[in-house]
Enquirer: 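The structure's right below; bear with me while I get my questions together.
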Amino acid sequence: MKLAYDFHIHTALSPCGSNDMTPNNIVNMCILKGLDVIAITDHNTCGNVEAVMKVAKETDLIVIAGMEVETSEEIHVVCLFPTLAIAKIFEKVVFEKLPNIKNREDIFGEQLLLDEEDEVIGKQAQMLITATQMDLYTLVKEVSNLGGVAIPAHVDRTSYSIISNLGFVPPDLNIKSIEFSKNVTINDFLKKHSYLQKYHQIFSSDAHYLEDISEKNNFLTMDQEKKVTDVTKILKLI
C-alpha cells in the first residue's frame, strides 16, 4: 500500500507561520488533500504537536511528532520521532541549546500555543526562529539515539540548507534521507549534485500557510495491504 505524506508542516507556533495554521485547520486541510500521514515540525519546538494529534485522533490521518531544528551552522533539519513523549525529551535538549532571547512579535511574528479547540492557551516567549548551539553531527546523533530520524531540510534552497551552508552533504553524516522543496526541478538539481542520488528523497511542503500543504503527490510504499498506524514502521521507510 501507499501512504501520501507531508513531513514538514508548521503551525502558528512558528513565528513565520500564519495564525490560520491551527490544529483543526491543518488536520482538515490534510484530509481534504487526501494525505495519510503528516509531521508537525515547528521551529525548535514540538509545543503544538499534541493538539494536532488530539484533533486527528478521530480521523484516519496519522500525525508524527517532529520539529525543524536549526543547527549552529544555521542548517535546518527536520527531526521526526516515534512518539510525542520522545519528541518532548528532545525538545528539552534543544531548548537548553537555544539562545535566551525574547521573541520580538513586531519583527518575527507571534508564537501561539494552541489547544485542540484552536484556542490560544499561551505564547512561547523565547525566540524560536534562531540557531541552536548544537552542531549538525551532534543533532543527528541525538535524534538517532532517541529512535528518531533526522532529515536535512530543503537541500535545494539557497539559504538554511546543508548544501547552501556547507557546500555538500558530508559522506560520514549518519543520515538516510534528504528533503527537497516540493517545487524543485529534481533532475536538474541531481545532475549538478549527482552524489545525492544515494539518499532517499523526501518531498515536503515546509508549509507555513494552509494552501501550501502538499497535494496527494508524494508517497511511501509499504509492503503490506493493511493500513499502517505504527509510526515506528513508517520512520523505518524514511
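Computed over heavy atoms, backbone and side chain alike; hydrogens, waters and symmetry mates excluded. Numbers here simply count residues along the sequence, with the first being 1.
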Enquirer: State whether the side chain of Asn165 and the backbone N or O of Glu73 hold a donor-acceptor pair below 3.5 Å, judged by distance alone.
Expert: yes
Enquirer: Does some side-chain heavy atom of Phe203 sit less than 4.5 Å from a side-chain heavy atom of Val184?
Expert: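 With C-beta onward as the side chain, the pair touches.
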Enquirer: About how many Å separate CD1 of Ile62 and SG of Cys30, when rounded to the nearest 0.5 Å?
Expert: 12.0 Å
Enquirer: Side chain to side chain contact (heavy atoms under 4.5 Å, CB included), that's the test. Do Leu237 and Thr221 meet it? Break it down for me.
Expert: CA-CA 8 Å; Leu237 298 175; Thr221 301; over 6 Å; no
Enquirer: Roughly how far apart are His193 NE2 and Ile178 CD1, rounded to 0.5 Å?
Expert: 10.0 Å
Enquirer: Report the distance from atom CG of Leu196 to atom NZ of Lys198, rounding to the nearest 0.5 Å.
Expert: 9.0 Å
Enquirer: With distance as the sole test, does Ser161 use its side chain to make a donor-acceptor pair with the main-chain N or O of Thr158 at under 3.5 Å?
Expert: no
Enquirer: Might you point out which heavy atoms bring Pro171 and Phe168 nearest each other, and give the distance in Å?
Expert: CD-CE1, 4.0 Å
Enquirer: Does any non-hydrogen side-chain atom of Glu91 lie less than 4.5 Å from one of Cys46?
Expert: yes
Enquirer: Once you round to the nearest 0.5 Å, how far does NE2 of His154 lie from OG of Ser204?
Expert: 10.5 Å
Enquirer: Could you tell me the separation between the CG atom of Leu210 and the NZ atom of Lys33, rounded to the nearest 0.5 Å?
Expert: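 These two atoms lie 8.5 Å from each other.
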Enquirer: For Ile163 and Phe189, what are the C-alpha separation, side-chain angles and deciding distance, and is it a side chain to side chain contact (heavy atoms under 4.5 Å, CB included)?
Expert: CA-CA 11 Å; Ile163 293 177; Phe189 194 82; 4.0 Å; yes
Enquirer: State plainly whether one hydrophobic cluster holds both Ile101 and Leu128, where clusters connect Ile, Leu, Val, Met, Phe, Trp and Tyr through side-chain heavy atoms under 4.5 angstrom apart.
Expert: no
Enquirer: Report yes if the side chains of Met134 and Thr71 come closer than 4.5 Å at any heavy-atom pair, otherwise no.
Expert: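 A side-chain contact is absent here, since even the closest heavy-atom pair is not under 4.5 Å.
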Enquirer: Is the closest side-chain donor-acceptor distance between His76 and Glu68 under 3.5 Å?
Expert: yes
Enquirer: Where the side chain of Ser14 meets the backbone of Gly17, is there a donor-acceptor pair that is under 3.5 Å apart?
Expert: no
Enquirer: Is it true that the side chains of Asn174 and Tyr137 contain a donor and an acceptor less than 3.5 Å apart?
Expert: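 Their side chains do not contain a donor-acceptor pair, so the 3.5 Å distance test is not met.
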Enquirer: For Lys123, is there an ion pair with Glu105 - N to carboxylate O distance below 4.0 angstrom?
Expert: yes
Enquirer: Against Leu112, only a single residue in Leu13, Asn19, Asp118 fulfils side chain to side chain contact (heavy atoms under 4.5 Å, CB included); can you say which?
Expert: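 Testing Leu112 for a side chain to side chain contact (heavy atoms under 4.5 Å, CB included) against Leu13, Asn19, Asp118 leaves exactly one candidate, Asn19.
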Enquirer: Give the cluster check for Val140 versus Tyr195: same hydrophobic cluster or not, with ILVMFWY residues linked at side-chain heavy-atom distances below 4.5 Å.
Expert: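 Yes, because Val140 and Tyr195 connect within a single hydrophobic cluster, where side-chain heavy atoms sit under 4.5 Å apart.
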Enquirer: Taking the side chain as every heavy atom from C-beta outward, state whether Asp36 and Leu61 have any pair of such atoms under 4.5 Å apart.
Expert: no
Enquirer: Looking only at heavy atoms, what is the nearest atom pair of Ser177 and Ile202, with distance?
Expert: CB-CG1, 4.1 Å
Enquirer: Test Leu98 against Thr130 for side chain to side chain contact (heavy atoms under 4.5 Å, CB included), laying out the working first.
Expert: CA-CA 8 Å; Leu98 269 178; Thr130 187; 3.6 Å; yes
Enquirer: Treating Thr45 as the side-chain partner and Gly47 as the backbone partner, does any N or O pair qualify as donor plus acceptor under 3.5 Å?
Expert: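 Side chain of Thr45 to backbone of Gly47, a donor-acceptor pair under 3.5 Å: yes, one is there.
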Enquirer: Can Lys57 and Glu116 be said to form a salt bridge (charged side-chain N to carboxylate O under 4.0 Å, His left out), step by step?
Expert: CA-CA 11 Å; Lys57 190 175 181 180; Glu116 64 271 26; over 6 Å; no
Enquirer: Please assess Glu215 against Lys182 for the test salt bridge (charged side-chain N to carboxylate O under 4.0 Å, His left out), listing each intermediate value before the final yes or no.
Expert: CA-CA 10 Å; Glu215 302 292 335; Lys182 66 178 182 178; over 6 Å; no
Enquirer: Heavy-atom count around Phe95 CZ within 6.0 Å, excluding the residue itself: above 12?
Expert: yes
Enquirer: Would you please say whether a donor-acceptor pair under 3.5 Å links the side chains of Glu70 and Asn44?
Expert: no
Enquirer: When rounded to the nearest 0.5 angstrom, what is the spacing between CG in Asp42 and CE in Met21?
Expert: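 Asp42 CG to Met21 CE: 8.5 Å, rounded to 0.5 Å.
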Enquirer: Which heavy-atom pair separates Ala153 from His8 by the least distance, and what is that distance?
Expert: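 Between these two residues, the closest heavy atoms are CB-CE1, 4.1 Å.
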Enquirer: When you compare the side chain of Ile26 with that of Ile9, does any pair of heavy atoms fall below 4.5 Å?
Expert: yes
Enquirer: If we ignore angles and hydrogens, is there a donor and acceptor under 3.5 Å between the side chains of Thr22 and Asn25?
Expert: yes
Enquirer: Is any side-chain heavy atom of Ile238 closer than 4.5 Å to a side-chain heavy atom of Leu80?
Expert: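 A side-chain contact exists here, since the closest heavy-atom pair is under 4.5 Å.
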Enquirer: Between Ile129 and Val94, is there a shared hydrophobic cluster once you connect ILVMFWY residues whose side-chain heavy atoms come closer than 4.5 Å?
Expert: no
Enquirer: Using a 4.5 Å cut-off on heavy atoms from C-beta on, say whether the side chain of Ile186 contacts that of Phe180.
Expert: yes
Enquirer: Could you tell me whether Phe90 and Phe81 have their ring centroids closer than 6.0 angstrom?
Expert: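 Here the rings of Phe81 and Phe90 have centres that are less than 6.0 Å from each other.
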Enquirer: Same cluster or not: Val120 versus Val52, using hydrophobic residues (I, L, V, M, F, W, Y) connected whenever any side-chain heavy atoms lie under 4.5 Å apart?
Expert: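 No, no single cluster joins them.
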Enquirer: Under 4.0 Å between a side-chain nitrogen and a carboxylate oxygen: does that hold for Asp206 and Arg157?
Expert: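 Answer for the salt bridge query: yes.
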Enquirer: Which of these passes side chain to side chain contact (heavy atoms under 4.5 Å, CB included) with Phe7: Thr41, Asn218, Val37?
Expert: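 For Phe7, the side chain to side chain contact (heavy atoms under 4.5 Å, CB included) test succeeds with only one of Thr41, Asn218, Val37, which is Val37.
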Enquirer: So which atom in Tyr209 and which in Cys16 form the shortest heavy-atom distance, rounded to 0.1 Å?
Expert: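 In this case the closest contact between Tyr209 and Cys16 is OH-O, 4.5 Å.
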Enquirer: Please step through side chain to side chain contact (heavy atoms under 4.5 Å, CB included) for the pair Glu179 and Gln201, ending with a clear verdict.
Expert: CA-CA 6 Å; Glu179 180 199 82; Gln201 298 164 18; over 6 Å; no
Enquirer: Any idea which heavy atoms bring Val143 and Ala150 closest together, and the distance?
Expert: CG1-N, 3.8 Å
Enquirer: Any chance NZ of Lys236 has more than 12 other-residue heavy atoms, nucleotides or ligands included, within less than 6.0 Å?
Expert: no
Enquirer: How far apart are the closest heavy atoms of Gly66 and Val49, and which atoms are they?
Expert: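 Between these two residues, the closest heavy atoms are O-CG2, 4.0 Å.
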Enquirer: With a 4.5 Å heavy-atom cut-off, do Gln124 and Asn103 have their side chains touching?
Expert: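 They are not in contact (no side-chain heavy atoms under 4.5 Å apart), so the answer is no.
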Enquirer: Ignoring hydrogens and geometry beyond distance, is a side-chain donor-acceptor pair present between Ser205 and Asp212 at under 3.5 Å?
Expert: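 Checked: Ser205/Asp212 side chains show no N/O donor-acceptor pair below 3.5 Å.
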Enquirer: Would you kindly confirm whether Val55 and Leu114 end up in one hydrophobic cluster when ILVMFWY residues are joined by side chain heavy atoms under 4.5 Å apart?
Expert: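 Cluster IDs for Val55 and Leu114 differ.
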Enquirer: Looking at Asp135, Thr132, Leu139, Val69, which one forms a side chain to side chain contact (heavy atoms under 4.5 Å, CB included) with Lys97?
Expert: Thr132
